[in-house]
Chemist: 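My questions will all concern the structure given below.
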Protein chains: 2
Amino acid sequence: MHFDELVKTIKERRDTLQVTQETLAQLSGVGLRTLKQFESGRGNPTLQTMQKIADVLGLEVSLKLKSMPGNK
Amino acid sequence: MHFDELVKTIKERRDTLQVTQETLAQLSGVGLRTLKQFESGRGNPTLQTMQKIADVLGLEVSLKLKSMPGNK
DNA sequence: CACATAAGTGCTTTATAACACACCTTTGTT
DNA sequence: AACAAAGGTGTGTTATAAAGCACTTATGTG
């Protein structure tokens with residue numbers, strides 16, 4: 001997943017759960033400014049920040065093998 | 001995946017591909033010190049850094065739904 | 001339109017990731 | 001043991017993520 005996809009996933013998940021940025025910020029312990037920055041696609045969050053946000057949304061950061069051409 | 005698992009995944013993948021930290025650093029454009037720090041479990045890399053490293057190893061950073069109890 | 005609620009932005013400070021350099025430790029080989 | 005190759009660490013500098021605050025856009029509701 002590229003950066004934009006990660007952002008999109010977070011946003012969509014937050015929308016699905018009907019949580020505002022403000023609430024998510026509080027629940028995750030991540031600053032509201034940081035969350036806004038990230039969701040507007042202008043961030044480069046640390047792994048910890050990503051994990052805190054993902055966690056609250058029932059998501060997790062993982063590493064998976066890239067699908068190769070023909071390995072699809 | 002928790003932090004330690006992410007680290008382990010990167011390390012194992014690098015071992016599998018028989019790439020040294022030095023080579024991986026060069027190929028990914030990530031500083032050797034940063035890579036060492038990360039692999040020794042003492043880092044908090046930015047998403048970009050993670051992606052650069054993962055990329056070279058044929059891995060990608062992704063977000064997946066956490067498995068819930070009973071959703072296993 | 002007026003109002004409320006949520007999301008996005010400019011500015012600033014503080015904490016820390018990224019980095020290079022030099023050095024130490026571990027591991028394996030002869 | 002001597003040596004080589006890879007991994008790990010201490011220190012200092014620079015770049016930037018994290019954060020709060022105030023303000024500006026949307027977006028929706030009466």
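Naming convention: chains lettered A, B, ... in sequence-line order (proteins, then strands); numbering from 1 in each chain.
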Chemist: Without decimals, in angstroms, what is the distance between A:Leu47 CG and C:dT16 P?
Modeler: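 The answer, rounded to whole Å, is 16 Å.
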Chemist: When the distance from CD of B:Glu22 to P of C:dA22 is rounded to whole Å, what number comes out?
Modeler: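 So the CD-P distance, B:Glu22 to C:dA22, works out to 14 Å.
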Chemist: Evaluate whether atom CD of B:Glu22 has more than 12 neighbouring non-hydrogen atoms of other residues, nucleotides or ligands under 6.0 angstrom away.
Modeler: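 No, the 6.0 Å shell around CD holds no more than 12 heavy atoms from other groups.
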Chemist: Can you find a side chain N or O atom of A:Lys11 that sits less than 4.0 Å from OP1 or OP2 on C:dG8?
Modeler: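 Yes.
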Chemist: Is the phosphate of C:dT9, meaning OP1 or OP2, less than 4.0 Å from a side-chain N or O of A:Ser40?
Modeler: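 The answer is yes; a side-chain N or O of A:Ser40 sits under 4.0 Å from OP1 or OP2.
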Chemist: So, is B:Arg14 near the phosphate of D:dG7, with a side-chain N or O under 4.0 Å from OP1 or OP2?
Modeler: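 So the side chain of B:Arg14 is within the cut-off, an N or O lying under 4.0 Å from OP1 or OP2 of D:dG7.
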Chemist: Once you round it to whole Å, what is the distance between P of D:dG8 and CZ of B:Arg42?
Modeler: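 These atoms are roughly 9 Å apart.
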Chemist: For B:Gln21 and B:Leu35, which heavy atoms make the closest approach, and how far apart are they?
Modeler: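 That would be O-CD2, 3.2 Å.
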Chemist: Just how far, in rounded Å, is C1' of C:dA22 from NZ of B:Lys36?
Modeler: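 Roughly 12 Å, once rounded to whole Å.
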Chemist: Please check the phosphate of C:dA17 (OP1 and OP2 only) for any side-chain N or O of B:Thr34 closer than 4.0 Å.
Modeler: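 No.
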Chemist: Within the pair B:Thr46 and D:dA17, is there a side-chain N or O less than 4.0 Å away from OP1 or OP2?
Modeler: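 The answer is no; no side-chain N or O of B:Thr46 sits under 4.0 Å from OP1 or OP2.
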Chemist: Describe the nucleic acid contact of A:Gly29 in one word from base, sugar-phosphate, nothing, applying a heavy-atom distance below 4.0 Å.
Modeler: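 Sugar-phosphate, no base atom in range.
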Chemist: Please report, rounded to the nearest Å, how far the C1' atom of D:dT9 is from the CD atom of B:Gln37.
Modeler: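 B:Gln37 atom CD is separated from D:dT9 atom C1' by 8 Å.
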Chemist: C:dA17 phosphate, OP1 or OP2: any side-chain N/O from B:Thr49 under 4.0 angstrom?
Modeler: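 No.
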Chemist: Closest to the B:Thr20 side chain: D:dA19, D:dG7, C:dG8?
Modeler: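 The answer is D:dG7.
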Chemist: Round to a whole Å and report the spacing from CZ of B:Arg33 to P of D:dG7.
Modeler: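 The answer, rounded to whole Å, is 14 Å.
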Chemist: Could you state the atom-to-atom distance from CG of A:Asn44 to C1' of C:dA17 in whole Å?
Modeler: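 Answer to the nearest Å: 10 Å.
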Chemist: With the side chain counted from C-beta on, respond yes when B:Arg14 and B:Glu39 share a heavy-atom pair under 4.5 Å apart, and no when they do not.
Modeler: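 A side-chain contact exists here, since the closest heavy-atom pair is under 4.5 Å.
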Chemist: Check for me, please, whether B:Met1 and B:Ile10 land in the same ILVMFWY cluster - side-chain distances under 4.5 Å, paths through other members count.
Modeler: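 Result: yes, single cluster for both.
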Chemist: Could you state the CG-P distance from B:Leu24 to D:dA6, rounded to the nearest angstrom?
Modeler: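 Taking atom P of D:dA6 as the reference, CG of B:Leu24 is at 13 Å.
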Chemist: Would you call A:Val7 and A:Phe3 a side-chain contact if the rule is heavy atoms closer than 4.5 Å?
Modeler: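 A side-chain contact exists here, since the closest heavy-atom pair is under 4.5 Å.
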